[in-house]
There are 2 protein chains.
Amino acid sequence: MASIKDVAKRANVSTATVSRVLRNAGNVTEETRQRVLEAIEALNYQPNVLGRYLRRMETETVLVVVPDITNPFFSKVLRGIEAVALEHGYQVLLGDTQNDVRLEEQYLNLLPQRQVDGMIFLTARIRKELVEEMARQFPIVLACEYLEGADIPTVSIDNISSARKATEHLIRLGHRRIAHLSGPMNIILSRDRLRGYQQALAQHELEADAALVQEGDFTYESGYNLTLKLLALEKPPTAIFAANDEMAIGAIKAVRHRGGRVPDDVAVVGFDDIQMASIFEPSLTTIAQPMFEIGQKAMELLLALIEGTSARRRQLVLPDRLVIRDSCGGERSA
Amino acid sequence: MASIKDVAKRANVSTATVSRVLRNAGNVTEETRQRVLEAIEALNYQPNVLGRYLRRMETETVLVVVPDITNPFFSKVLRGIEAVALEHGYQVLLGDTQNDVRLEEQYLNLLPQRQVDGMIFLTARIRKELVEEMARQFPIVLACEYLEGADIPTVSIDNISSARKATEHLIRLGHRRIAHLSGPMNIILSRDRLRGYQQALAQHELEADAALVQEGDFTYESGYNLTLKLLALEKPPTAIFAANDEMAIGAIKAVRHRGGRVPDDVAVVGFDDIQMASIFEPSLTTIAQPMFEIGQKAMELLLALIEGTSARRRQLVLPDRLVIRDSCGGERSA
DNA sequence: CTCAGTTATGTAATCGATTACATCTCCATC
DNA sequence: GATGGAGATGTAATCGATTACATAACTGAG
């Protein structure tokens with residue numbers, strides 16, 4: 001492999017000059033520039049980025065830590081991140097934790113090792129102090145998730161109010177026994193959606209039956225299994241608010257499996273508005289998150305941190321909206 | 001940030017000794033080892049990997065080039081890759097080309113720049129000579145896709161035979177007008193599936209009506225739109241073989257949109273067996289690819305290349321199987 | 001023609017870790 | 001007690017590019 005020295009030798013200049021041509025840093029005669037370019041061409045030279053990295057102590061690479069890459073919600077957010085990254089010449093390294101907190105911590109360590117210039121976490125189960133400590137020294141942005149009381153730049157929606165909105169929609173349709181399929185309780189996001197659900201019940205003076213809240217893990221399977229449990233209750237719910245669309249689809253399948261119909265027997269509301277939400281039948285009523293935009297904004301915040309131009313607003317709350325489709329039907333007669 | 005020199009100074013040893021402790025390369029007294037470890041602890045030292053990379057000229061990072069990360073098929077393959085990579089201490093960099101060939105070429109260039117030790121391509125639209133040239137010097141593995149006549153390690157299924165199998169299943173059920181929703185024709189994989197479809201028709205002496213073959217792009221939308229076109233034909237098909245599950249689901253939705261039923265009016269077969277294939281109603285008859293295993297094997301091949309232990313078999317063809325579900329119904333009476 | 005100021009180019013230090021090689025210490029053996 | 005060899009540690013070169021600083025070449029004003 002040709003190195004910058006070989007190019008310098010062939011073009012009869014110093015390595016400094018070659019570097020200047022490469023970096024497009026002025027002060028090079030057109031004539032020498034041409035000679036250098038010819039040498040590069042002739043030797044098929046590609047600069048070894050590791051040398052550059054070491055000297056400049058930056059890699060122009062950011063890491064995105066994802067809890068589950070097979071989840072379409074996250075791949076959409078990722079797309080937003082990639083779009084902005086590409087535009088600014090950054091590479092995106094992907095860390096899939098597969099919901100394993102230890103992996104999350106491991107990835108965090110890439111920062112002091114200088115392997116990446118910054119990180120975006122789409123998950124935040126890690127100890128808060130750890131992240132805060134790291135965030136003091138290195139660029140870190142949270143997206144979708146956040147850490148209570150931590151002053152770390154964050155992009156998300158208001159999960160409490162949107163969960164309340166979703167639940168209220170069911171109440172408005174006349175439902176009184178509304179179940180909630182939550183996400184894992186060690187995730188703030190899940191707790192927020194649960195809280196929104198509870199707030200809506202309280203505001204309408206509906207009883208909060210603990211048996212109606214089941215903790216899932218955002219997978220289709222958990223939605224399916226927990227719904228079977230709900231349906232086996234002495235007084236089963238007439239509506240289910242699931243903390244994401246995949247669990248909502250699982251819920252619908254379970255209702256059908258038991259011979260019920262959606263929305264007639266049980267109404268279902270999801271969360272996220274992944275593509276399948278509009279394709280599946282019945283199509284899902286759900287909370288639409290601006291996934292792509294969340295990714296974009298998160299990457300923009302991160303760039304601002306990396307480049308030292310501190311962003312004005314460090315905590316971004318993006319608008320969501322309730323999309324009404326077929327899975328919760330019209331007003332309830334009974 | 002503390003560097004290895006600071007640690008050496010504090011522990012009163014040379015940097016060489018510190019490095020030996022870090023690398024766990026013997027020949028260090030337990031006593032000095034302890035002293036070094038204490039210094040590392042005290043300074044909260046993290047080795048800067050860029051230094052190591054430069055010296056050793058390897059990054060223990062591999063890049064996976066994916067045409068579309070939002071496609072669940074690829075994220076499953078990715079999981080298989082990650083599993084093996086993690087086990088061997090490699091990191092996985094993700095390159096999402098969003099179906100843009102130019103990006104594919106750009107990623108290829110990370111190899112001579114030494115940014116990554118090897119690459120796995122889950123797409124191969126790039127010029128064959130380019131890849132071959134690069135593959136002579138650097139570890140490259142193709143998965144899912146392959147390049148005709150190129151001697152590059154590859155993991156895939158036999159797309160021709162599996163497409164034939166899928167089509168034959170429809171013929172066996174009594175269908176005579178079978179349409180094919182293909183992938184983009186600049187992809188070998190799409191051409192193979194088309195060929196398998198044509199072979200099946202030919203073997204059963206069925207007419208190959210060009211109007212029944214429509215070129216899609218693997219998205220739900222293309223499946224939907226092309227099916228509307230098919231249904232508008234003077235003699236519409238009674239069965240559709242789609243080159244992937246997402247287009248198959250699009251096809252089903254289009255049939256329904258036109259008031260038809262699946263499988264009664266039109267039978268549909270998909271390809272890949274993504275999770276949604278079994279959840280969607282009617283559940284999809286489809287070709288199941290061993291996605292996770294494709295990823296695993298690809299990464300294993302790549303590791304063998306990187307570590308110089310040439311793999312015995314360089315072209316792996318994994319078994320697929322036809323999964324029969326509800327979308328093509330039973331034998332046809334008419 | 002001279003001198004200051006600009007522009008082009010070269011020299012060599014630097015980033016941080018790894019490692020070939022040199023040196024030193026210690027111990028066992030004869 | 002001399003010798004050899006193994007083991008521990010240190011010295012310094014090295015990876016490849018960048019860049020501070022030095023120097024050379026050139027330009028234009030006086």
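We name chains A, B, ... by the order of the sequence lines, and we start the count at 1 in each one.
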Legend entry - Where A:Ser156 and A:Cys144 come nearest, the two heavy atoms and their spacing: CB-O, 3.5 Å
Inset, instruction - Tell me, please, the opening and closing nucleotides of DNA chain D, 5' to 3', among those with an atom under 4.0 angstrom from a non-hydrogen atom of chain A. - result: D:dG16 to D:dT19
Inset, instruction - Would you mind reading off the bend of the helix from C:dC1-D:dG30 to C:dC30-D:dG1 from its two end axes, five pairs each, to 10 degrees? - result: 50°
Inset, instruction - Check for a donor-acceptor pair, side chain of B:Thr29 on one end and backbone N or O of B:Glu31 on the other, with a separation under 3.5 Å. - result: no
Inset, instruction - Assign A:Val13 to base, sugar-phosphate, or nothing according to its heavy-atom contacts below 4.0 angstrom with the strands shown. - result: sugar-phosphate
Inset, instruction - Examine distances only and state if a side-chain atom of B:Gln46 and a backbone atom of A:Pro112 form a donor-acceptor pair shorter than 3.5 Å. - result: no
Legend entry - Residues B:Glu30, B:Arg33: salt bridge by 4.0 Å N-O rule: yes
Legend entry - Carboxylate-amine/guanidinium proximity below 4.0 Å for A:Arg136 and A:Glu132: no
Legend entry - Donor-acceptor pair between B:Glu38 and B:Gln34 side chains, under 3.5 angstrom: no
Inset, instruction - Check every strand shown and say whether B:Asp6 touches a base, only sugar-phosphate, or nothing at a heavy-atom separation below 4.0 Å. - result: nothing
Inset, instruction - Look only at the side chain of B:Arg314 and the backbone of B:Asp151, and say whether a donor-acceptor pair between them is shorter than 3.5 Å. - result: yes
Legend entry - Sidechain-backbone polar pair: B:Gln289 side chain, B:Ile157 backbone, donor-acceptor under 3.5 Å: no
Inset, instruction - Under 4.0 Å from any atom of DNA chain D, heavy atoms only: list the residues of residues 53-63 of chain B that qualify, in numerical order. - result: B:Leu54, B:Arg55, B:Met57
Legend entry - Strand-adjacent residues in residues 29-52 of chain B, judged by heavy atoms under 4.0 Å from DNA chain D: B:Thr29, B:Thr32
Legend entry - A:Asp217 side chain to A:Pro184 backbone, donor-acceptor under 3.5 Å: no
Legend entry - Sidechain-backbone polar pair: B:Thr59 side chain, B:Gln115 backbone, donor-acceptor under 3.5 Å: yes
Inset, instruction - Select base, sugar-phosphate, or nothing to describe what B:Thr17 touches, counting heavy atoms under 4.0 Å on all strands. - result: sugar-phosphate
Inset, instruction - Sorted by first residue and then second, give each salt bridge (charged side-chain N to carboxylate O under 4.0 Å, His left out) pair with at least one member in residues 59-70 of chain B; sequence neighbours left out. - result: A:Arg79-B:Asp68
Inset, instruction - Within residues 109-118 of chain A, find the residues that approach DNA chain D with a heavy atom at under 4.0 Å, and present them sorted by residue number. - result: none
Inset, instruction - Check for a donor-acceptor pair, side chain of A:Lys128 on one end and backbone N or O of A:Glu148 on the other, with a separation under 3.5 Å. - result: yes
Legend entry - More than 12 heavy atoms of other groups within 6.0 Å of B:Glu41 CD: no
Inset, instruction - Verify, without hydrogens or angle tests, whether A:Asp6 (side chain) and A:Ser3 (backbone) share a donor-acceptor contact under 3.5 angstrom. - result: yes
Inset, instruction - Please check if the side chain of A:Gln315 supplies one atom and the backbone of A:Ile152 the other of a donor-acceptor pair under 3.5 Å. - result: yes
